[in-house]
Amino acid sequence: GVRGEVRFFDERGTLGRRLLPSFPQGGCIRYFLSDESTYKVHYIYALFHTEKLGLVDLRTLSDPYCPDCFFVYTLLQHGWLRSTSNTYLNCRIHAANLGGEYSKKWKGWRKILYRIHPLGYYLTYPLYTRNRLDRLLIYLMIPIKHAYAQVFFWFRGTRQLVFRRKFY
């Protein structure tokens, strides 16, 4: 089906657009395995049913690394994450963005080497996984997901350096 999109913009205007992935309720394994570059975390900019928000583990919002990612992950356990056509989520890119602040100190090749998620990021998923089987599967897949993500980030970073492109 047709999906909505995330629009990235700064003070000069639109920087790009990306389609949002959809996840069925309880699709924790699929969410965990999907690339961080699929814009799955951008559901944080969406609207939610109030009763579903009351079921969310709010500890996710105080997580020191990627609280938005874990908040969205926790929501997934209570309902679908999906968008409809002609739905747009706006993400403003500015100097004080947390992601930009996190990696600002690294430039060039150093940014490629250090722009990786710490292992603790992946170990946090099971803490917010209600289904025991999903939790076990995630624990078993953490080493594979971590290794894959590092290679993917290095490849993506190299492309950014070589082609001078930004990926939002």
Side-chain angles (χ1 to χ4, degrees), residues 1-9 15-94 97-103 115-156 167-168:
V2 179
R3 296 181 287 168
E5 61 188 31
V6 180
R7 292 178 175 174
F8 298 90
F9 64 97
L15 298 169
R17 298 173 180 196
R18 298 291 184 266
L19 291 177
L20 282 164
S22 291
F23 298 96
Q25 178 175 346
C28 297
I29 300 297
R30 184 169 167 219
Y31 185 92
F32 174 75
L33 290 176
S34 65
D35 290 333
E36 274 58 35
S37 65
T38 62
Y39 309 99
K40 64 186 182 183
V41 73
H42 287 87
Y43 278 103
I44 194 79
Y45 302 109
L47 299 174
F48 305 104
H49 292 276
T50 305
E51 65 273 6
K52 302 291 182 180
L53 285 175
L55 300 172
V56 172
D57 186 342
L58 295 179
R59 291 178 301 155
T60 58
L61 296 173
S62 61
D63 195 277
Y65 190 84
C66 293
D68 51 354
C69 185
F70 298 121
F71 175 77
V72 172
Y73 179 74
T74 305
L75 274 171
L76 175 61
Q77 295 176 65
H78 301 287
W80 279 76
L81 292 178
R82 61 180 172 220
S83 61
T84 57
S85 62
N86 297 322
T87 299
Y88 306 100
L89 302 179
N90 294 315
C91 178
R92 186 171 65 93
I93 306 298
H94 54 86
N97 277 82
L98 187 57
E101 287 295 314
Y102 181 74
S103 64
R115 188 170 179 215
I116 57 177
H117 289 302
L119 186 57
Y121 164 72
Y122 300 105
L123 290 170
T124 304
Y125 275 96
L127 300 177
Y128 298 119
T129 305
R130 291 180 14 202
N131 181 292
R132 287 186 191 155
L133 179 58
D134 286 350
R135 189 178 318 122
L136 174 64
L137 290 172
I138 287 173
Y139 271 124
L140 293 173
M141 290 184 284
I142 285 173
I144 296 165
K145 170 71 175 180
H146 184 60
Y148 171 80
Q150 303 331 307
V151 170
F152 177 80
F153 278 133
W154 291 334
F155 178 69
R156 181 177 172 198
F167 294 89
Y168 295 104

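Residues take their numbers from the sequence shown, with the count starting at 1. Everything numeric here is computed off the predicted structure, so don't read it as measured data.
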[X]: partners by side chain to side chain contact (heavy atoms under 4.5 Å, CB included), with sequence neighbours left out:
X	result
Pro143	none
Ile142	Phe32, Leu119, Tyr122, Leu123, Pro126, Ile138, Tyr139
Arg7	Glu5, Arg17, Tyr88, Asn90
Leu140	Leu136

For residues 67-74, which side-chain donor-acceptor pairs fall under 3.5 Å, sequence neighbours excluded?
unit_1 : atom_1 : unit_2 : atom_2 : d
Tyr73  : OH     : Thr129 : OG1    : 2.6
Thr74  : OG1    : Phe70  : O      : 2.8

Quick one: salt bridge (charged side-chain N to carboxylate O under 4.0 Å, His left out) pairs with a partner in [range], sequence neighbours left out?
range	answer
residues 75-87	none
residues 137-153	Glu36-Lys145
residues 121-141	none

Query raised in the report: Considering only heavy atoms from C-beta outward, does the side chain of Phe8 approach that of His42 to under 4.5 Å?
Result: yes

Report task. Please identify each residue that fulfils side-chain hydrogen bond (donor to acceptor under 3.5 Å, both in side chains) with Tyr31, with sequence neighbours left out. Result -> none

Query raised in the report: With sequence neighbours left out, what residues match Arg59 under side-chain hydrogen bond (donor to acceptor under 3.5 Å, both in side chains)?
Result: Asp57

Ignoring hydrogens and angles, write down the donor-acceptor pairs under 3.5 Å from the side chains of residues 46-53, residues two or more places apart or on other chains.
unit_1 : atom_1 : unit_2 : atom_2 : d
Lys52  : NZ     : His78  : O      : 2.8

Query raised in the report: Just by distance, do the side chain of Gln77 and the backbone of Tyr128 share a donor-acceptor pair under 3.5 Å?
Result: yes

Query raised in the report: So, does Tyr125 use its side chain to make a donor-acceptor pair with the main chain of Ile29 at under 3.5 Å?
Result: no

**Report entry** Nearest atoms (heavy-atom pairs only) where Ser83 meets Ser22
**Finding:** N-OG, 4.3 Å

Report summary line: Nearest heavy-atom contact between Pro24 and Arg30 is CD-NH1, 3.5 Å

Query raised in the report: Rounded to the nearest 0.5 Å, what separation is found between the CG atom of Asn131 and the CG atom of Leu137?
Result: 8.5 Å

Query raised in the report: Partners of Asp35 by salt bridge (charged side-chain N to carboxylate O under 4.0 Å, His left out), sequence neighbours excluded?
Result: none

